[in-house]
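For reference, the structure is listed below as structure tokens.
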Amino acid sequence: MPCLLPNAGPQRVLAASNFVYTVGSGLYLTAGVLYFTQAVHLPADQVGLGLGIAGLVALALGVAVGHLADRYGARGVYAATLVVQALATAGFVLADSFWPFLFVVCAAAGAKAAGIAARSPLIRHYGGDRPQEFRAYLRAVTNVGVSLGAVGAGWVVQVGTSTAYRLMVIGNAIAFVVSAALLVFLPRVMPVPASGGPRWVALRDRPYLLLTTLDGIMAIQFKVLTVAIPLWLVGATTAPHWLISGTMLTGTVIVIAFQVRASRNVVSPAAGGNAYRRAGFAFLVSCSMISLSAGIPAWAAATLLIAGVVIHTAGELWHSAAGFEVSFALAPRHATGQYLGVFGLGAGLAEAVGPGLLISLCITWGRPGWYVVGAVFALTGLAAPLAVRWAQNQRNARQPHLQAAENAAAA
């Protein structure tokens, strides 16, 4: 299991900022929807609509703010996104009807997506020879922070009062402010000059866009643990309902313990493509096992579900490691924020369409739907190495121009 803080220096500052941020995120991820339905008393359908619109806003902002981070300095832009997210989150306490709710949730979601893109140049600059591995380390830290936040959210849900929910919201906003304040200790990263080519170069990189699409399809797997398995366990199996927490805890512990180790073996785009392929087959196996947990004794269903979650999380490790590798390795240094903003579009679309798709296939359709979902993951994994090869060939063809641009940025 990784320690919370790496070696002294910029990496430690980024890790500490990320840890505080994710403790706050864990509060919201666990009980944010309940705050709006239980404390604010908004109808669930209005909350769902607002969150969907906020997801679309987030998609629109990631690429643009990533470009700003490249041109004007990543530290300042990233800190600004954290401050905006803190203000928007604090605004939740004033959202007493749909339109104020829509405004603050769109602002919070947009700032979150923008922050992910703006942080990417910092990870690349301070991540050493292997920023992909440092990114994997941050993901492990993220799981620790989210777990701690979830514990606090559990207390809020158990108490269930409006005061407790509002304290959760304020605590979330404070975490974002502290996360931004810690960036004061991070040395400034000088902005890089434009390369002289097209402004939105990432949107013209067709192989990279294809990889973004494939990663987005694969990213639907994150909703298997948080949406499909809980609904399946309750509605289709005889397994005890407390096992929902057991499946979440199992996946979280595995990610914390093994994400960095899994990423150490993915050291090139080609290795990333192969990791996508392994992940796809792991998801096919896990989906098949989960589908078989219906209609059998409780102990057998629980055994199959936990085993399926373990295999699914192994696939998640490979998928995340592959995404870290190809997204950084195939992005030119002078446009890291813009490229990583584009790559985040895939995960954003998965966030928007994944829950509804999994409910339709796995819950409404039932057992055959699990096989379809698993097959989609496997086919996506098979396509990834071909897309990586195309991207590498195009990058090699453009290498002289990219080298000139990166030399100019370094100068």
Side-chain angles (χ1 to χ4, degrees), residues 51-66 109-110 112-117 120 132 135-136 139 142 200 202-228 266 269 272-284 286-287 312 315-331 336-362 372-391:
L51 293 176
I53 295 173
L56 295 177
V57 171
L59 288 177
L61 285 178
V63 180
V65 176
K112 178 181 178 181
I116 292 172
S120 298
Q132 298 91 326
R135 177 65 185 85
R139 182 166 189 261
T142 294
W200 301 109
L203 295 175
R204 296 169 178 260
D205 192 333
R206 289 181 293 174
Y208 199 86
L209 292 176
L210 175 59
L211 281 168
T212 296
T213 302
L214 294 176
D215 186 82
I217 295 172
M218 196 77 85
I220 294 173
Q221 61 88 5
F222 290 112
K223 297 302 177 183
V224 171
L225 286 180
T226 59
V227 176
V266 183
N274 292 333
Y276 273 125
R277 184 172 56 201
R278 292 195 299 272
F281 280 111
F283 296 144
L284 174 60
S286 66
C287 286
H312 179 94
E316 180 181 331
L317 297 176
W318 288 322
H319 167 221
S320 297
F324 300 153
E325 177 61 34
V326 301
S327 62
F328 276 97
L330 297 175
T336 298
Q338 184 185 146
Y339 265 74
L340 271 293
V342 166
F343 200 77
L345 294 177
L349 286 173
E351 185 80 18
V353 307
L357 182 66
L358 290 174
I359 290 172
S360 296
L361 291 174
C362 300
V372 171
V373 170
V376 169
F377 288 143
L379 292 173
T380 302
L382 288 173
L386 302 177
V388 168
R389 195 172 303 128
W390 181 28

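For the numbers below, each heavy atom of this structure counts, side chains included, while hydrogens, waters and symmetry mates do not.
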[X] to [Y] - nearest heavy-atom pair and separation:
{"X": "Ala350", "Y": "Pro355", "answer": "O-CD, 3.9 Å"}
{"X": "Val373", "Y": "Cys287", "answer": "CG1-SG, 4.1 Å"}
{"X": "Gly273", "Y": "Ala384", "answer": "O-CB, 4.3 Å"}
{"X": "Ala391", "Y": "Leu330", "answer": "CB-CD1, 3.7 Å"}
{"X": "Leu214", "Y": "Ala387", "answer": "CD1-CB, 3.8 Å"}
{"X": "Gly272", "Y": "Ala322", "answer": "O-CB, 3.2 Å"}

Of all pairs that satisfy salt bridge (Lys or Arg N to Asp or Glu O under 4.0 Å), the ones with a partner from residues 347-357, not counting sequence neighbours: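 Every pair satisfying salt bridge (Lys or Arg N to Asp or Glu O under 4.0 Å) with a residue in residues 347-357: Lys223-Glu351.
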
Summary of salt bridge (Lys or Arg N to Asp or Glu O under 4.0 Å) pairs that have at least one residue in residues 319-329, sequence neighbours excluded: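 Pairs touching residues 319-329 that pass the test: Arg130-Glu325.
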
Hey, does the side chain of Tyr208 reach the backbone of Ser327 with a donor-acceptor pair shorter than 3.5 angstrom?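 The answer is yes, because a donor-acceptor pair under 3.5 Å joins these two groups.
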
For Gln338 and Val63: C-alpha separation, side-chain torsions, deciding distance, then whether side chain to side chain contact (heavy atoms under 4.5 Å, CB included) applies. CA-CA 5 Å; Gln338 184 185 146; Val63 180; 4.1 Å; yes

Atom [atom1] of [X] and atom [atom2] of [Y]: how far apart are they, to the nearest 0.5 Å?
{"X": "Asp215", "Y": "Phe324", "atom1": "CG", "atom2": "CZ", "answer": "9.5 Å"}
{"X": "Met218", "Y": "Ser320", "atom1": "CE", "atom2": "OG", "answer": "10.5 Å"}
{"X": "Leu203", "Y": "Thr212", "atom1": "CG", "atom2": "OG1", "answer": "9.5 Å"}
{"X": "Thr380", "Y": "Leu284", "atom1": "OG1", "atom2": "CG", "answer": "11.5 Å"}
{"X": "Leu358", "Y": "Thr226", "atom1": "CG", "atom2": "OG1", "answer": "8.5 Å"}
{"X": "Leu386", "Y": "Leu211", "atom1": "CG", "atom2": "CG", "answer": "10.5 Å"}

Less than 4.5 Å apart, any side-chain heavy atom of Arg204 and any of Leu209?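 The answer is no, as the side chains (C-beta and beyond) never meet within the 4.5 Å cut-off.
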
Got Arg277 and Trp318 here, is their nearest side-chain heavy-atom distance under 4.5 Å?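 With C-beta onward as the side chain, the pair stays apart.
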
What residues form a ring pair (Phe, Tyr, Trp, His ring centres under 6.0 Å) with Phe283, not counting sequence neighbours?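 For Phe283 the ring pair (Phe, Tyr, Trp, His ring centres under 6.0 Å) partners, ignoring immediate neighbours, are His312, Phe377.
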
Take Tyr276 and Leu382, measure what side chain to side chain contact (heavy atoms under 4.5 Å, CB included) needs, and give me the verdict at the end. CA-CA 8 Å; Tyr276 273 125; Leu382 288 173; over 6 Å; no

